[in-house]
Amino acid sequence: MSILFSNPPWWEKKESRGFLRKKRWRRGVRAGSRWPFTYLGRCYPDNSRAKDYIPYPYFLGYATTYTSKLIGEKKVYFRDSIALSESYKSFFKYLDSIHDKIEYYLIESATPSWEHDYKLIKEIKNKYPKLKVIVAGPISTSDQNWDSEIVYAVLKGEYEKNVMKVINGKDGLLEHDLLTLEEMNKAPFPYYDKFIYDKYFDGNPIPMNQLSPQAHILTSRGCPFKCIFCVWPAAMTGNDPDGENKRSVRQYTPDYMRGFLDKLTTDYKFEAIYFDDDTFNIGNRHTVEISKLAGKYNIPWFAMCRADTCKKDTWKIMRDNGCKGVKIGIESGSQYVVDQIVNKHLDLNYTKEIVNHLRKLNMSVHGTFTYGLPGETKDQMIETKNFISNTNFNTVQESGTAEIEGTPLHTLTKKELKNYPGANINSTYDRQKDGGKKWQSLVKDLQNN
């Protein structure tokens, strides 16, 4: 019984970029990203010096230590080739060195990377036929027929418990079996070591872009909201591809987080902490407790938030305890789109008020927006552009809406969904699995207005 948890390389090709038409590698991120995509990076294969966006692979990291605790550390391997900016040649050189020591090979994949990943899996199976390949991640929700000669097991949802079922003899498609709240708070801290801890980087919100190394951390799993395109609450931390079931949040206790932060800050020298929950500030109690805990470490920290899920005074408590900036998911500057298509039900006027409030607290605000939603018109996209111009953000993220399996957006291509009355799959909707590439196709048109 031995296993490799792998986030293998994902490189495409060199493309020109910028005024000087400098060629850069198009690279992808999958594990750790709620919306895996490709982008033009600064790094290139086997060179990771530049600060490209690289998220920590949370589910891989937690499953690695969970499995290690049950079968022993010497039987569990972890390789984040994305963080290492590793070439395919180096990746296979690593596999050559350990393939006779491992029985199982696990990869976390999703719709944007699946075509690439499946080719890689077949290459791995061809070269190391005795390896039993386990596929996890949102791609597990696909209704495809899995080739049992290539894929030994497919795990739905977060996969600590399902990995152990496979190691103990199960194969095929395994349904969701999430950690309970009690199990989650008794589980080992996720995997870190000296070779990868400093590789993870997110350039927003500012001034986090000047701080490295960064500790990317979850203080909870799940989100109660049902945004049409959002992957993890629908496919990983829950099982709700139609957006019609109750979604829950499991929050780590302050005691668990204290132990985790104690270990991280003792073993490694981080310059910033980023709480990358689906929504960090759900409820005042948890937000205040974690904020006061984070403040004890004297390290600037940042968080992924929503504008309307905590009291106004709670933002000040965050600021007073070291929070320097937040990301706020907004999605659109059209209230109709936010309510009727995305199903976010976020008051945009109140959002503007909160952005101004945060700026007065001297916190930076990074707003995130997506374009090309089903049923969204060009005029509504321009509304988003105007909303951004008229709101006091420090920075914004604009991307194309990716359709990823396991989400209500993907379900919508098969049937109508009652919670998304404005969402329509029509001739103007561009079905694109890579949000980075979709944005490239949209941006020229929008720039003409």
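Note: hydrogens, waters and symmetry copies are ignored here, and every other heavy atom, side chains too, is used.
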Sequence neighbours excluded, which residues qualify as ring pair (Phe, Tyr, Trp, His ring centres under 6.0 Å) partners of [X]?
X	answer
Tyr94	none
Phe91	none
Tyr152	none
Tyr371	Trp439

Fill in: Chi angles and distances behind the salt bridge (charged side-chain N to carboxylate O under 4.0 Å, His left out) call for Lys69, Glu183
CA-CA 13 Å; Lys69 183 178 179 180; Glu183 289 170 335; over 6 Å; no
Which residues share a side-chain hydrogen bond (donor to acceptor under 3.5 Å, both in side chains) with [X], sequence neighbours left out:
X	answer
Thr38	Arg26, Asp434
Lys199	none
Thr428	Asn426
Glu403	His410, Tyr429, Arg431

Worksheet item: Does anything in residues 118-127 pair up under side-chain hydrogen bond (donor to acceptor under 3.5 Å, both in side chains), and if so which pairs, sequence neighbours excluded?
Response: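 Counting only pairs at least two positions apart or across chains, no side-chain hydrogen bond (donor to acceptor under 3.5 Å, both in side chains) contact touches residues 118-127.
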Worksheet item: Are Glu115 and Lys433 close enough, and set up right, to give a salt bridge (charged side-chain N to carboxylate O under 4.0 Å, His left out), and what steps lead you there?
Response: CA-CA 11 Å; Glu115 182 179 354; Lys433 58 189 177 183; 3.4 Å; yes
Quick one: side chains of residues 226-238, donor-acceptor pairs under 3.5 Å with protein atoms, not counting sequence neighbours, listed by atom name and distance.
from, atom 1, to, atom 2, distance (Å)
Lys226, NZ, Asn245, O, 2.6
Thr237, OG1, Trp232, O, 3.2

Enter the distance from [X]:[atom1] to [Y]:[atom2] here, rounded to the nearest 0.5 Å.
X	Y	atom1	atom2	result
Ile3	Thr64	CD1	OG1	8.0 Å
Lys165	Glu160	NZ	CD	12.0 Å
Leu131	Ile121	CG	CD1	11.5 Å

Distance flag, aromatic centroids of [Y] and [X], threshold under 6.0 Å:
X	Y	value
Phe5	Phe78	no
Tyr77	Tyr104	no
Trp10	Trp114	no
Phe260	Tyr252	no

Ignoring hydrogens and geometry beyond distance, is a side-chain donor-acceptor pair present between [X] and [Y] at under 3.5 Å?
X	Y	result
Asn362	Arg319	no
Tyr159	Glu108	yes
Ser212	Gln214	no
Ser2	Glu103	no
Ser109	Asp117	yes
Asp262	Tyr297	yes
Thr368	Gln397	no
Ser87	Ser90	yes
Thr219	His286	yes

Worksheet item: Which of parallel (below 30°), tilted (30 to 60°) and perpendicular (above 60°) describes Tyr200 and His216?
Response: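 Judged by the thresholds at 30° and 60°, the geometry between Tyr200 and His216 is tilted.
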Worksheet entry | Whether Tyr53 and Phe37 hold their rings parallel, tilted or perpendicular, with breakpoints at 30° and 60° |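 The arrangement is parallel - the two ring planes meet at less than 30°.
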Fill in: Thr407 (side chain) donor-acceptor with Ile404 (main chain) under 3.5 angstrom
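Looks like yes, one N/O pair under 3.5 Å.
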Practice prompt. Using salt bridge (Lys or Arg N to Asp or Glu O under 4.0 Å) as the criterion, list what pairs up with Asp52, not counting sequence neighbours.
Written response: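 In terms of salt bridge (Lys or Arg N to Asp or Glu O under 4.0 Å), with neighbours along the sequence ignored, Asp52 is linked to Arg27.
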Fill in: Which residues share a salt bridge (Lys or Arg N to Asp or Glu O under 4.0 Å) with Asp277, sequence neighbours left out
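Counting only residues at least two positions away or on another chain, Asp277 forms no salt bridge (Lys or Arg N to Asp or Glu O under 4.0 Å).
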Between [X] and [Y], which heavy-atom pair has the shortest distance, and what is it?
X	Y	answer
Ile328	Ala307	CG2-N, 3.9 Å
Glu405	Thr141	C-OG1, 3.3 Å
Ile107	Pro8	CD1-CG, 3.6 Å
Gly41	Arg24	O-CD, 3.1 Å
Met1	Ile71	O-CD1, 3.9 Å
Ala83	Ile54	CA-CG2, 3.8 Å

Item to complete: Start with the C-alpha gap between Tyr197 and Tyr56, add the side-chain angles, then the distance that decides, and say whether ring pair (Phe, Tyr, Trp, His ring centres under 6.0 Å) holds.
Response: CA-CA 9 Å; Tyr197 88 95; Tyr56 177 78; over 10 Å; no
Practice prompt. Walk me through it: do Asp430 and Lys437 pass the test salt bridge (charged side-chain N to carboxylate O under 4.0 Å, His left out)?
Written response: CA-CA 11 Å; Asp430 177 16; Lys437 292 179 179 178; over 6 Å; no
Worksheet item: Take atom CD in Glu149; do more than 12 heavy atoms of anything else shown fall under 6.0 Å from it?
Response: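 Atom CD in Glu149 is not packed in, count stays at 12 or less.
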Discussion item. The test is salt bridge (charged side-chain N to carboxylate O under 4.0 Å, His left out); show your working for Asp177 and Lys156 and say whether it passes.
Written reply: CA-CA 8 Å; Asp177 189 4; Lys156 289 190 175 184; over 6 Å; no
Taking the side chain as everything from C-beta on, heavy atoms only, tell me whether [X] gets closer than 4.5 Å to [Y].
X	Y	answer
Asp198	Glu271	no
Glu331	Ile341	no
Phe280	Ile290	yes

Worksheet entry | Salt bridge Asp278-Arg34, side-chain N to carboxylate O under 4.0 Å |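 Salt bridge between Asp278 and Arg34, a charged N being under 4.0 Å from a carboxylate O: yes.
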Worksheet item: Going through the checks in order, is the side chain to side chain contact (heavy atoms under 4.5 Å, CB included) test met by Thr287 and Ile282?
Response: CA-CA 7 Å; Thr287 308; Ile282 288 183; over 6 Å; no
Fill in: Worked verdict on Arg221 versus Val249 for side chain to side chain contact (heavy atoms under 4.5 Å, CB included)
CA-CA 6 Å; Arg221 296 190 187 188; Val249 181; over 6 Å; no
Worksheet item: Among Trp301, Phe302, Phe275, whose side chain to side chain contact (heavy atoms under 4.5 Å, CB included) with Cys323 holds?
Response: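 Filter result, single survivor: Trp301.
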